[in-house]
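Shown next, in structure tokens, is the structure this report addresses.
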Protein chains: 2
Amino acid sequence: MKPTLQAVADAVGVSRSTVSNAYSRPDQLSATLRERILDAARQLGYPGPNPTARSLRRGFVGSIGVLFTSQLSYAFTDPFAVRFLAGVGAAAERHGTSMLLVPLPPAVTDARRAVENAAVDGFCVYCVADEEWALDVIRQRGLPFVSTAARDDAGADERFVGIDERAAARSVAAHVAGLGHRRVALLADSVLPDAPAGPLTVAGVDQVPHPTTRGRLSGFADAFAEVGLDWAELTLVNVPGNSRPAAAAAIAGLFDQPAPPTAVLAGSDVLALGVLDALAARPAHDRPAVSVTGFDDVPEAAAAGLTTVRQPAEEKGRIAAELLLDPPADAAAGHVLLPTALVVRSSTGPVPRS
Amino acid sequence: MKPTLQAVADAVGVSRSTVSNAYSRPDQLSATLRERILDAARQLGYPGPNPTARSLRRGFVGSIGVLFTSQLSYAFTDPFAVRFLAGVGAAAERHGTSMLLVPLPPAVTDARRAVENAAVDGFCVYCVADEEWALDVIRQRGLPFVSTAARDDAGADERFVGIDERAAARSVAAHVAGLGHRRVALLADSVLPDAPAGPLTVAGVDQVPHPTTRGRLSGFADAFAEVGLDWAELTLVNVPGNSRPAAAAAIAGLFDQPAPPTAVLAGSDVLALGVLDALAARPAHDRPAVSVTGFDDVPEAAAAGLTTVRQPAEEKGRIAAELLLDPPADAAAGHVLLPTALVVRSSTGPVPRS
DNA sequence: GATCCAGTCTGTATCGATACAGAGACTAGC
DNA sequence: GCTAGTCTCTGTATCGATACAGACTGGATC
């Protein structure tokens, strides 16, 4: 068994408090005694104060949780999520805080338990799907958190960092509409829970549960409404999961229909890249000239020439962690909207006249 | 203040133990009492057992640390590290364990403290630079760990997952040597601590402190020795930090020298991609036909047509975590060598005759 | 010579749970 | 009717530290 602080105290002949002070409050004892204590500790093989015991007594842990409301392994697959993590990491580094990545089991009961059991001082919640239950647990625990998806029921005091999803989506859709496209497909991840891959009819965009997806789809719809296109005239395509192959599979059939879309607006770059994959997979002579747009501007987008909306991924993570670790006194400052920018590249062009 | 387990016990009129059991050992009490307890807990707003207190009493935490002996933010920049993390994450997910990413302050004393204070049950050590001090701290704490770099002084009982760096490097170098290249530059990260960027003279490859770098350089040297080229005849180029821009900057000047290298063997794909960047940055008419090889086969390498050595990144992370979380009874099984494969793409070719 | 003070160190209470032995109550078996 | 065994639940000890109030020492101050 590893020696405890008590053992060191006994060896030196001082009280536990003094040994504790030798580690945590060097100004509370003389330098010589401190040296004697540290020497004895070294000799005994004392590894220093037990982090868990220390956390218990102190009342804080020194690490923040990052919650992906999805498989943890997904987080490392999505380049946007990776940049976000990098941002969180940079802020954590600055604050001398660790990051705890908590994998969530598929069953909600187990997932709740996982969030309840995480030894952290707060959470950055990266929203992939509906995360209301997770926020409930966190509130219940009385822990601070920062979320990255606008929610309908957000309390005024809840911290948030994100973008104006709707306006950003509108900007890229307006670009596409401006190019003359009127047969348009909108591609999004998990439009409705458990919906199958492929075209999907949804009465109105307000039926879409996930706020981020809803926001982006609304923005797309806004831009086309302005050129006289109804929601019902847009083709909505569901992708179960934000991945290139899933997107490619979901979109593939669409191009063989009678009046195929001339433009595909994807809810993320990953999905858009999947669409490009699907197109590239067709023989050159049978490859329709489709305009494709993404969302996020991940590193891969530039290489693929993807027209997209840029949002600062790393910044988002960094600010999320900063809001958590160093909360602004002013509640309004806890609500950060980041700028976005339309990035036009080669993946969009005018409607081919055929 | 949040209510404690005691408060719930008092409210229901049972002992603390029983409430504890209601959460952690449901089979130890009747279903009806358990329901009463959980109801009361809900009513009081009891958030469930405090994770820290539970860890202290139980003697384990339920999370593993991932240690990058470099800036944490670096980890998210290096695509190989990200794949490694994904693998660790997948294994952690399977075991219901969290991952703690511990940022290390630049000063070694502070870094030691950070490792001492991490509340984890063990470490996966991803070796970027010299990490002996970190392993010392972990040993001192009596925690299990898995390292990913072969070390000279590894105890027989210490777990490890990695590749035969030397043999793998040799395979790609043999390919280059086979193409006839004899004016060759070897590019590596942090060949010597604090060495400047650019060509560097090192008496022998055994002078290189970092085992991974040394292993790869040795492999390169092996292959060229076989075709009669001495270590001294190879140009060694140091890059301070494993990044594309750093590599580009370190190599840039080399191509303007009297007898420029016809091949550059990089110690990692990231460095190799940096070399390609440096070449691409030159005007087309002044762009030497240089063969470039990498190491790792990160996702970006395929797109760039980079000849490289593949090592299974995700697998490495997954196995590292598995070895930690589910240690094999047999000590020998704790030492895993992964397969590697030479991947020849378009970035290498025969020496241009001119 | 009393007072004050800064500098050191100690002792006790506490952080919030879980482990484990064991006490009662009840059912079974013979 | 007695022993054994099963279910529930309780009580005490313990995990390993830190906080905080206070005790002691030895000068400096007036």
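Labels below follow one simple rule: chain letters A, B, ... track the order of the sequence lines, proteins then strands, and each chain is numbered from 1. All values derive from a computational prediction rather than experimental measurement.
- For the pair B:Ala53 and B:Thr18, both in contact range of DNA chain D, the more 5′-proximal nearest nucleotide belongs to B:Thr18.
- One axis for each end of the helix from C:dG1-D:dC30 to C:dC30-D:dG1, each built from five base pairs, and the angle between them comes to 40° at 10° resolution.
- Each of A:Ser20 and B:Val14 was assigned the nucleotide of DNA chain D with the nearest heavy atom; the assignment lying further toward the 5' end belongs to B:Val14.
- Between chain B and DNA chain C, the heavy-atom contact criterion of under 4.0 Å yields a 5' to 3' nucleotide range of C:dG16 to C:dA19.
- Across every non-hydrogen atom of A:Phe76 and B:Val82, the tightest pair is O-CG1, 3.8 Å.
- In terms of the salt bridge (Lys or Arg N to Asp or Glu O under 4.0 Å) criterion, B:Asp110 has no residue partners (sequence neighbours excluded).
- Applying the side chain to side chain donor-acceptor pair (under 3.5 Å) rule to A:Arg42 yields the partners A:Asp39; only residues at least two apart in sequence or on another chain are considered.
- Within the nucleic acid shown, A:Tyr46 comes within 4.0 Å of sugar-phosphate atoms alone, with no base atom in reach, counting heavy atoms only.
- Partners of B:Arg113 under the salt bridge (Lys or Arg N to Asp or Glu O under 4.0 Å) rule, at least two apart in sequence or in another chain, are B:Glu116.
- Between D:dT10 and B:Ser17, no contact under 4.0 Å exists linking OP1 or OP2 to a side-chain N or O.
- Residue pairs satisfying the side-chain hydrogen bond (donor to acceptor under 3.5 Å, both in side chains) criterion with at least one member in residues 47-57 of chain B, sequence neighbours excluded, are absent.
- B:Phe84 meets the ring-ring contact (aromatic ring centres under 6.0 Å, His included) test with B:Tyr126; sequence neighbours excluded.
- A:Pro328 meets the side chain to side chain contact (heavy atoms under 4.5 Å, CB included) test with A:Leu323, A:Ala333; sequence neighbours excluded.
- For residues 314-330 of chain A, the side-chain hydrogen bond (donor to acceptor under 3.5 Å, both in side chains) pairs, not counting sequence neighbours, are A:Arg83-A:Glu314, A:Arg94-A:Glu322, A:His95-A:Glu322, A:Gln311-A:Lys316, A:Glu315-A:Arg318.
- A ring-ring contact (aromatic ring centres under 6.0 Å, His included) check over residues 23-46 of chain A, counting only residues at least two apart or in different chains, returns the pairs A:Tyr23-A:Tyr46.
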N/O donor-acceptor pairs under 3.5 Å from side chains in residues 2-21 of chain A, not counting sequence neighbours:
residue : atom : partner  : partner atom : Å
A:Lys2  : NZ   : B:Gln140 : O            : 2.8
A:Thr4  : OG1  : A:Gln6   : N            : 3.2
A:Gln6  : OE1  : A:Arg16  : NH1          : 2.9
A:Gln6  : NE2  : A:Asp10  : OD1          : 3.0
A:Ser15 : OG   : A:Ser17  : N            : 3.4
A:Ser15 : OG   : A:Thr18  : N            : 3.3
A:Ser15 : OG   : A:Thr18  : OG1          : 3.2
A:Asn21 : ND2  : A:Ser17  : O            : 3.3

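- At a non-hydrogen distance threshold of 4.0 Å, A:Ser24, A:Arg25 from residues 21-33 of chain A come into contact with DNA chain D.
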